[in-house]
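To start, the structure under review is shown below, and the notes come after it.
Letters go in sequence order (proteins before strands), and every chain restarts at 1.
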Number of protein chains: 2
Amino acid sequence: MKMSGGVEWALHCCVVLTGATEPVPAARLAAFHDVSPTYLAKQLQALSRAGLVRSVQGQAGGYQLTRDPQAITVLDVVEAVDGRQSAFVCTEIRQRGPFAATPEQCRVPCGIASVMYDADRAWRDSLRATTIADLAGRVGRDVGPETLPRAREWMAGRSG
Amino acid sequence: MKMSGGVEWALHCCVVLTGATEPVPAARLAAFHDVSPTYLAKQLQALSRAGLVRSVQGQAGGYQLTRDPQAITVLDVVEAVDGRQSAFVCTEIRQRGPFAATPEQCRVPCGIASVMYDADRAWRDSLRATTIADLAGRVGRDVGPETLPRAREWMAGRSG
DNA sequence: TTGTTTCCGGACAGTCTTTATCCGAGTTGA
DNA sequence: TCAACTCGGATAAAGACTGTCCGGAAACAA
Ligand code: SF4
Ligand code: SF4
């Protein structure tokens with residue numbers, strides 16, 4: 001029951017991209033967070049596949065958000081990186097053993113699976129309620145008002 | 001983001017133990033579900049450590065619930081087997097890189113972590129809303145009214 | 001055109017958690 | 001007393017996650 005650590009990286013990258021006006025290279029994002037550049041690239045590719053960020057190739061290329069930060073939820077990022085399926089996977093053990101249920105009795109998910117899926121839905125609903133814009137606003141408030149412009153400037157610059 | 005498969009086994013065992021009047025050996029429970037006896041034993045040990053079931057040793061030993069099934073929630077079982085900590089673990093990457101936050105700024109969890117913890121709380125609340133008794137009732141309804149007494153009889157018997 | 005910068009995708013080790021198994025300690029019942 | 005049966009924790013095998021690498025393709029500048 002452990003979520004992929006890359007989710008945290010991806011969320012941080014999305015927040016940082018909120019304040020960027022030009023495409024930001026993956027290497028720059030990795031240097032900003034001091035994490036493995038190659039592994040972060042993998043997470044960014046997942047985001048790109050999900051359509052959350054657009055990848056611009058070429059000399060001034062990099063990544064940028066495809067839509068308004070207000071239209072991207074935390075759930076979108078989590079599902080893009082960590083997968084879309086429920087944490088609970090039913091092994092259908094009720095169809096095994098001496099008192100196995102018949103396949104016709106297993107048309108509908110049993111009570112155990114239902115409870116698990118309901119909980120998973122509640123989890124996802126909670127994540128869907130917050131957008132990247134909300135996160136960016138809160139992070140900006142936490143870190144102080146003068147840091148964000150400096151970070152934005154560092155992103156645009158050549159070396160840091 | 002995958003939950004331990006043993007959670008499903010443990011929940012099934014708790015439901016089965018609902019209708020047992022004497023201690024049921026782990027081997028019997030394993031045979032009932034046709035799963036690895038030794039590995040199931042490990043899950044039962046976790047349940048025992050959490051105080052959900054009582055282990056009776058000796059010749060007629062086995063496992064039995066410690067309290068009323070109505071007083072055991074699904075969350076209790078999940079936390080006993082799969083652990084009690086949140087799926088999201090913060091790596092504190094905000095303290096790394098050229099724009100690292102100072103430790104005094106990191107007294108409180110940031111917005112990203114807060115959202116994750118809130119979602120985790122919603123998940124746990126949802127699991128806490130259902131008890132083992134509810135599950136047993138629903139499973140009994142799904143599987144038909146005549147199966148449960150037969151299963152109970154099989155549990156008490158010697159071989160089968 | 002040519003060269004540089006950048007992303008993309010898959011193939012490849014290292015590391016950690018999950019899965020599965022074994023044998024000894026302890027208890028019950030005869 | 002004795003024997004049989006049980007749980008319990010320590011011990012290997014398997015798989016998933018983490019991290020790395022390289023060749024290819026696309027865009028831009030000279
Ligand atoms: S009873 Fe529910 S949890 Fe168990 S195998 Fe069937 S669907 Fe899965
Ligand atoms: S900003 Fe939040 S998620 Fe990121 S390292 Fe800090 S506490 Fe963790």
Original post:
If you look at every strand shown and take non-hydrogen atoms under 4.0 Å, does G5(A) touch a base, only sugar-phosphate, or nothing?
Top reply: sugar-phosphate
Original post:
Of the candidate nucleotides dG8(D), dA20(C), dC8(C), which contains the atom at the shortest distance from the side chain of K42(B)?
Top reply: dA20(C)
Subject >> Rounded distance in Å - CE (M1(A)) to C1' (dC16(C)) >> reply: 18 Å
Original post:
Can a side chain N or O of S4(B) be found less than 4.0 Å away from OP1 or OP2 on dT17(C)?
Top reply: no
**OP:** Please name the pair of heavy atoms, one in P69(B) and one in T131(B), separated by the smallest distance, quoted to 0.1 Å.
**Re:** O-CB, 3.8 Å
Original post:
Which part of the nucleic acid does M3(B) contact within heavy-atom distance under 4.0 Å: base, sugar-phosphate only, or nothing?
Top reply: nothing
**OP:** Would you mind reading off the distance between Q43(B) atom CD and dT17(C) atom C1', rounded to a whole angstrom?
**Re:** 14 Å
Original post:
At under 4.0 Å between heavy atoms, what does T38(A) touch on the DNA or RNA strands: base, sugar-phosphate, or nothing?
Top reply: base
Original post:
What is the nucleic acid contact for A26(B), judged by heavy atoms within less than 4.0 Å: base, sugar-phosphate only, or nothing?
Top reply: sugar-phosphate
Subject >> Listed nucleotide nearest any side-chain atom of S55(B), set dT21(C), dC7(D), dG29(C) >> reply: dC7(D)
**OP:** Could you tell me the separation between the OH atom of Y63(B) and the P atom of dT6(D), rounded to a whole number of Å?
**Re:** 11 Å
Original post:
Does R28(A) count as lying over the ring of W154(A), i.e. NZ or CZ under 6.0 Å from the six-ring centre, within 45 degrees of the axis?
Top reply: yes
Subject >> Candidates dA20(C), dA29(D), dC7(D) - which lies nearest the side chain of Q59(A) >> reply: dA29(D)
Original post:
Does a donor on one side chain sit under 3.5 Å from an acceptor on the other, for S114(A) and R138(B)?
Top reply: yes
Original post:
From dT5(C), dA27(D), dG8(D), pick the nucleotide closest to the side chain of Q57(A)?
Top reply: dA27(D)
Original post:
Given side chains that start at C-beta, do those of R152(A) and V16(A) come closer than 4.5 Å, heavy atoms only?
Top reply: no
Original post:
If only side-chain N and O atoms of Y39(A) are considered, is one of them under 4.0 Å from the OP1 or OP2 phosphate oxygen of dG14(C)?
Top reply: no
**OP:** Measure from CG on L44(A) to P on dT18(D) and round the result to the nearest Å.
**Re:** 15 Å
Subject >> Integer-rounded Å distance: dC7(C) C1' and L17(A) CG >> reply: 14 Å
**OP:** Would you classify R49(B) as touching base, sugar-phosphate or nothing, given that sugar-phosphate means primed atoms plus P, OP1 and OP2, and contacts are heavy atoms under 4.0 Å?
**Re:** sugar-phosphate
Subject >> Spacing between L40(B) atom CG and dT18(C) atom C1', to the nearest angstrom >> reply: 16 Å
Original post:
Under 4.0 Å: is that the gap between some side-chain N or O of S48(A) and OP1 or OP2 of dC8(C)?
Top reply: yes
**OP:** Calculate the interatomic distance between L47(B) atom CG and dG9(D) atom P; express it in whole Å.
**Re:** 13 Å
**OP:** Return no unless some side-chain N or O of S36(B) is found under 4.0 Å from OP1 or OP2 of dT21(C).
**Re:** yes
Original post:
In Å and rounded to the nearest 0.5 Å, what is the CG to CD distance from D142(A) to Q105(B)?
Top reply: 8.5 Å
Subject >> Value in whole Å for how far the C1' atom of dG19(D) lies from CD of Q45(A) >> reply: 14 Å
**OP:** Could you tell me the separation between the CZ atom of R54(B) and the CG atom of L17(B), rounded to the nearest 0.5 Å?
**Re:** 13.5 Å
